[in-house]
Structures are given as structure tokens and as C-alpha cells.
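In each ligand, atom 1 is the first atom listed, and ligand 1 is the first ligand listed.
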Amino acid sequence: DPLRWKEEVLKKYPKKVAKKRDKGILVHDGEMPKQIMANVRSIPGIITARGCTYAGCKGVVLGPTRDIINLVHGPIGCSFYAWLTRRNQTLPPTPESENFMNYCFSTDMQDSNIVFGGELKLKQAVREVFEIFKPKSIGIFSTCPVGLIGDDVHAVAREMKEELGINIFGFSCEGYKGVSQSAGHHIANNTLMKHVIGRNDTAPEGKYKINMLGEYNIGGDAFELERIFEKCGLTLVSSFSGNSTIEQFERAHTADLNVIMCHRSINYVAEMMETKFGIPWFKVNFIGADASAKSLRRIAEYFEDAELMARVEEVIAEEMAIVKEAIETVYPRTTGKVAMLFVGGSRAHHYQELFSELGMSTLSAGYEFGHRDDYEGRRVIPTIQVDADSRNIEVLTIEADETRYRPRKTDEEIAALNAKGCGFGEYDGMMADMAKGALIIDDISHYEMEKLIEIYHPDIFCAGIKEKYCVQKMGIPLKQLHSYDYGGPYAGFEGAVNFYNDIDMMINTSIWKMIKAPWQ
Ligand code: ICS
């Protein structure tokens with residue numbers, strides 16, 4: 001009984017802690033709306049799975065772009081631990097094309113810089129990196145000490161931009177700036193909007209031009225989506241930011257539709273682009289074969305073009321034949337099994353689709369740093385309380401561009417498409433898709449995780465590397481949904497097949513029977 005589970009867990013906490021955790025743990029009664037406490041500070045002493053604001057900005061949003069030099073102003077550790085561990089892949093068009101992704105750039109801040117200031121060292125590093133690599137653009141990322149000692153990365157960026165004549169921009173994404181990675185996403189979105197998007201008005205060729213927002217090419221997911229889009233005849237103007245280049249960002253405003261995969265990390269850019277350039281957006285999901293087919297149909301619907309709709313149907317039929325074959329083999333071995341998913345801000349929702357295709361149910365799920373809208377849907381945004389931590393992050397005031405604002409659809413067209421289910425500007429969140437009795441846990445603590453496993457013995461637990469071996473030592477397989485455990489892609493149709501096979505292998509291997517779990 002999930003209510004009993006919650007009671008047991010809270011009983012172990014000091015009173016104040018229990019009171020706070022009580023609001024972050026929900027037993028879904030099948031009714032909406034239902035309020036959860038999210039995007040608030042983790043409790044000191046609790047082992048959280050969260051990362052920092054710098055991670056969300058440098059690692060998540062900007063990290064996957066191959067030709068911006070991401071220069072980290074800070075101690076070397078911050079760079080080292082952000083060095084490709086996320087498995088965001090990239091494919092330069094030729095071996096000679098710019099690709100800085102496998103480098104690790106840092107000012108390597110020392111004690112003396114903390115005492116006397118690090119701006120000179122930063123300038124020197126910018127000049128040095130420019131001398132060696134001659135990049136089109138440099139981003140400067142702030143780590144915790146930068147904010148503490150007061151180095152002005154924006155002033156340095158302005159000065160160096162002037163001196164070197166390339167686009168250089170700074171991010172005030174100090175690790176402590178927000179309560180999690182999520183603040184870093186917002187800061188990255190703001191900077192992209194201010195300094196990059198809209199700098200190049202030349203539109204690529206193509207009849208159906210879209211931007212893919214919130215897809216980061218983990219394990220090659222973006223490659224699979226590129227394959228599908230090309231097959232359908234869709235032109236991908238830009239990707240934020242899996243397998244992307246800065247040129248893509250600069251001309252993103254020439255697209256006619258923004259589709260969002262990860263709502264949490266990039267919804268700000270989508271909203272700002274709609275206000276500034278008139279590009280509408282809707283949420284898609286390419287995790288799960290059925291979800292992918294649905295998303296493709298909605299994109300085709302948007303362009304209101306019979307030729308495109310026919311082509312999309314052809315592609316879906318072709319791809320689904322292979323998917324169906326794969327699922328038929330695996331399904332008898334996976335159906336009825338139980339999964340639990342605890343990942344950042346999107347995947348704990350999206351991957352429930354793939355599990356349900358396998359006939360598996362999600363007994364418990366939660367985000368590390370999602371906001372209430374990611375759980376409850378965007379309709380609750382006006383009611384979200386702004387606290388000191390969220391006020392810390394700048395909210396840009398955006399206006400329609402004087403010359404380039406061009407609504408892609410009239411209000412009537414939008415209404416008509418909405419009636420067909422396009423869902424512009426909407427996201428219903430994770431809870432709407434979860435069953436009655438499911439346990440929804442925000443910012444799960446390590447203790448809560450152990451208690452979930454001990455009591456429910458799920459067939460598979462999905463989280464990250466910090467959790468992986470603790471869980472597996474309890475005799476339960478753990479699938480990393482951040483890095484995909486060296487596997488993937490899992491997006492789109494071929495990705496779904498990969499996922500079915502990997503999950504089948506993980507939950508049905510006999511190794512788990514050889515481990516003595518603590519409850520045995
Ligand atoms: Fe979005 Mo790990 Fe994404 Fe999500 Fe985000 Fe992170 Fe990763 Fe996770 C992410 S952007 S890095 S879908 S690719 S910060 S897996 S919210 S935590 S669930």
C-alpha cells in the first residue's frame with residue numbers, strides 16, 4: 001500500500017524534514033489536479049540525485065553544440081566532471097569540420113585567483129583559445145567561486161568580443177545560483193536568446209521547416225530523429241542542441257514550427273521565440289514508437305499539406321512493421337513487469353511510454369528537478385509560487401521583433417489545429433499519464449529509494465550512475481536513463497527496438513537470482 005509506504009518513510013525523518021518531504025511525495029488518486037511541491041531546495045544532509053546550475057547550463061543546454069568553445073571559468077574539477085560524461089554525441093559533416101566537443105576548456109582557477117581575482121586569467125584564456133582554435137564563438141561559464149569573488153564574466157566577454165571580433169558571451173550559471181540544474185537551463189535559454197538566436201537571416205531550403213527543441217543527442221537519439229525527419233521530407237533548421245552548430249541557433253527563427261521534446265530544459269526559448277518571431281510551438285514525444293508516430297502526424301497536420309501527410313503515413317507504416325516484429329518477440333517476457341523511474345526533468349515521464357509498449361507498468365516515478373508544471377501541466381504555471389531562489393533567475397522581457405515578427409498561423413488556424421489535437425503551448429505533465437495508486441516522488445532521497453526497492457522489489461529501476469550499483473547490489477537491475485549505460489539510441493522507431501531488447505535482456509538475465517538481496 002503506497003500510503004503506508006509513505007507513512008513509514010516519513011516516520012523515520014526528523015519532524016521538520018518529514019513535514020517538507022510530505023509535500024514532495026504524492027500517492028496518485030487518479031484525480032487531477034493534485035498539487036506537488038517541486039523546484040525547492042533539497043534538505044541538507046539528505047542524499048539528493050540533483051546536480052548544479054552550472055551542470056544545467058554548460059553541460060546540458062550548451063554542451064552538445066560542437067563548434068562553440070565552452071570555456072569554464074573555475075577550478076579544474078568542474079570541467080573534468082562535465083567532460084562528455086553525458087554521452088551527448090555529435091557528427092561533424094567532414095573530419096576537418098570544427099568540433100570542440102572532445103576538448104575540455106578551463107581557466108583552472110587557483111587559490112591566488114580566488115584571493116586576487118580571476119578576470120585577467122580569464123582574458124588570457126580567451127585569447128589563448130582564440131589563437132589556437134580560431135572558433136566562431138566562445139561561451140564563458142561561471143562556476144561557484146566566480147560569483148563568490150565577484151569576477152565579471154560579462155564584462156570580460158564584451159571586452160574580448162570587441163578585441164577578437166567573434167561572438168563571445170558569458171553565463172552567470174554559478175553552481176549555487178538555483179536549487180538544481182533547472183536554473184542553469186533557464187540561464188542558458190536567456191543567453192541564447194540575447195546573444196545568438198536571430199543573428200543570421202538566411203533560411204535553409206525546404207518546404208516544411210522545423211526546430212527540434214530539448215533533444216540533446218544522448219546515445220545518438222538525435223541521429224535517429226534526423227533520419228526520420230529526412231525520410232519524411234521535413235527540414236530540421238536547428239536542434240537545441242543535440243548534434244548542433246551555432247549557425248543553426250543563429251537562424252532558428254527562420255523555421256515555421258518549434259517542437260519541444262524536453263519541456264523542462266527549453267520551454268523558455270520556445271515561448272520567447274513565439275513572442276519575438278511568431279513561431280508557434282507544441283510538445284512532442286519521440287520516446288516510444290507509438291508516441292513517435294503520433295508526434296510525426298501532428299507535425300504533418302500543422303503544415304496542412306496532403307503530400308506531407310501521405311509521406312508521413314508511409315514512413316510510419318514502414319517503420320512500424322519492424323517495431324511490431326521486435327515487440328512481438330519481447331512482449332511475452334516483459335509484460336506484467338514493474339518499473340520505477342527517477343530521472344531529471346523529462347525522462348521519468350517520457351520513458352513510461354516505452355515501458356507501456358513493453359506491457360510494463362510504472363509503479364513510481366519522479367523528477368530530480370522538474371517544476372510543478374512538469375508534474376501537473378502548464379495550466380498551473382500562474383499559481384506557482386515565486387520564491388527567493390526562482391527570483392534569482394532573470395526573466396527576460398521579450399517583444400515582437402520590429403521587422404521579423406511573422407505569425408505563421410492566424411488565430412483561427414491555430415484554433416482549428418488545436419481542435420484536431422495539435423495542442424499549441426500545452427503540456428499536461430507526468431501525472432496525467434499515471435495510474436491510480438502510483439507513487440510520485442519529487443527529488444527522491446537515497447533513503448526513500450532504498451525503501452522503495454526493499455518494499456516493492458520492482459523488476460527494473462531507472463536512475464543514474466550514482467544510484468546504479470547500490471540498487472544492483474540489492475538484486476534489482478538499474479537502467480541508466482541519463483547516459484543509457486553506453487547503449488542507445490532509444491528515441492524514434494529504431495530506438496524503441498533497441499530499448500525493447502535492452503530491457504528484455506536486463507530484466508530476464510539470470511544473474512539477479514544469484515545475488516542475495518537484503519530482504520532474503
Ligand atoms: Fe531534459 Mo540527465 Fe535531458 Fe531530462 Fe535534462 Fe538532464 Fe538528460 Fe535528464 C535531462 S535536458 S542530462 S531530458 S538529456 S538536465 S538525462 S530534463 S537529468 S531527464
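The protein heavy atom nearest to atom 10 (S) of ligand 1 is Y216 CE1, 3.3 Å. The single protein non-hydrogen atom nearest to atom 5 (Fe) of ligand 1 is F369 CZ, 3.9 Å, given as residue, atom name and distance. Atom 7 (Fe) of ligand 1 has its closest protein heavy atom at R86 NE, 3.9 Å.
Under a 4.0 Å criterion applied to the non-hydrogen atoms of G345, ligand 1 contributes the atoms 4 (Fe), 16 (S), 18 (S). Those atoms of ligand 1 that come under 4.0 Å of a heavy atom in H482, given as number and element, are 2 (Mo), 8 (Fe), 15 (S), 17 (S). Contact atoms of ligand 1 toward C262: 1 (Fe), 10 (S), 12 (S), 16 (S) (distance under 4.0 Å to a heavy atom of the residue). Here is the list of ligand 1 atoms found below 4.0 Å of a heavy atom in H185: 14 (S). Atoms of ligand 1 lying under 4.0 Å from any heavy atom of S265, numbered from 1 in the order shown and given with element: 1 (Fe), 10 (S).
The only option from N217, I218, D221 that meets the side-chain contact (heavy atoms from CB on, under 4.5 Å) definition with Q89 turns out to be N217.
Using a 4.0 angstrom heavy-atom cutoff, M261 does not count as in contact with ligand 1. The closest approach between a heavy atom of Y367 and any atom of ligand 1 is not below 4.0 Å.
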Intermediate values then yes/no, side chain to side chain contact (heavy atoms under 4.5 Å, CB included), V60 and H185
CA-CA 7 Å; V60 173; H185 301 148; 3.7 Å; yes
Walk me through whether S356 and E353 qualify under side-chain hydrogen bond (donor to acceptor under 3.5 Å, both in side chains).
CA-CA 5 Å; S356 86; E353 287 268 355; 5.1 Å; no
Residue pair K194, E394: steps toward the salt bridge (charged side-chain N to carboxylate O under 4.0 Å, His left out) verdict
CA-CA 12 Å; K194 272 202 272 196; E394 185 187 12; 3.4 Å; yes
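No hydrogens or angles considered: nothing links the side chains of Y427 and E376 as a donor-acceptor pair under 3.5 Å.
Ring centroids of Y375 and Y367 are separated by less than 6.0 Å, placing the two rings close together.
Ring pair Y490/F499 is perpendicular by interplanar angle, where above 60° counts as perpendicular and below 30° as parallel.
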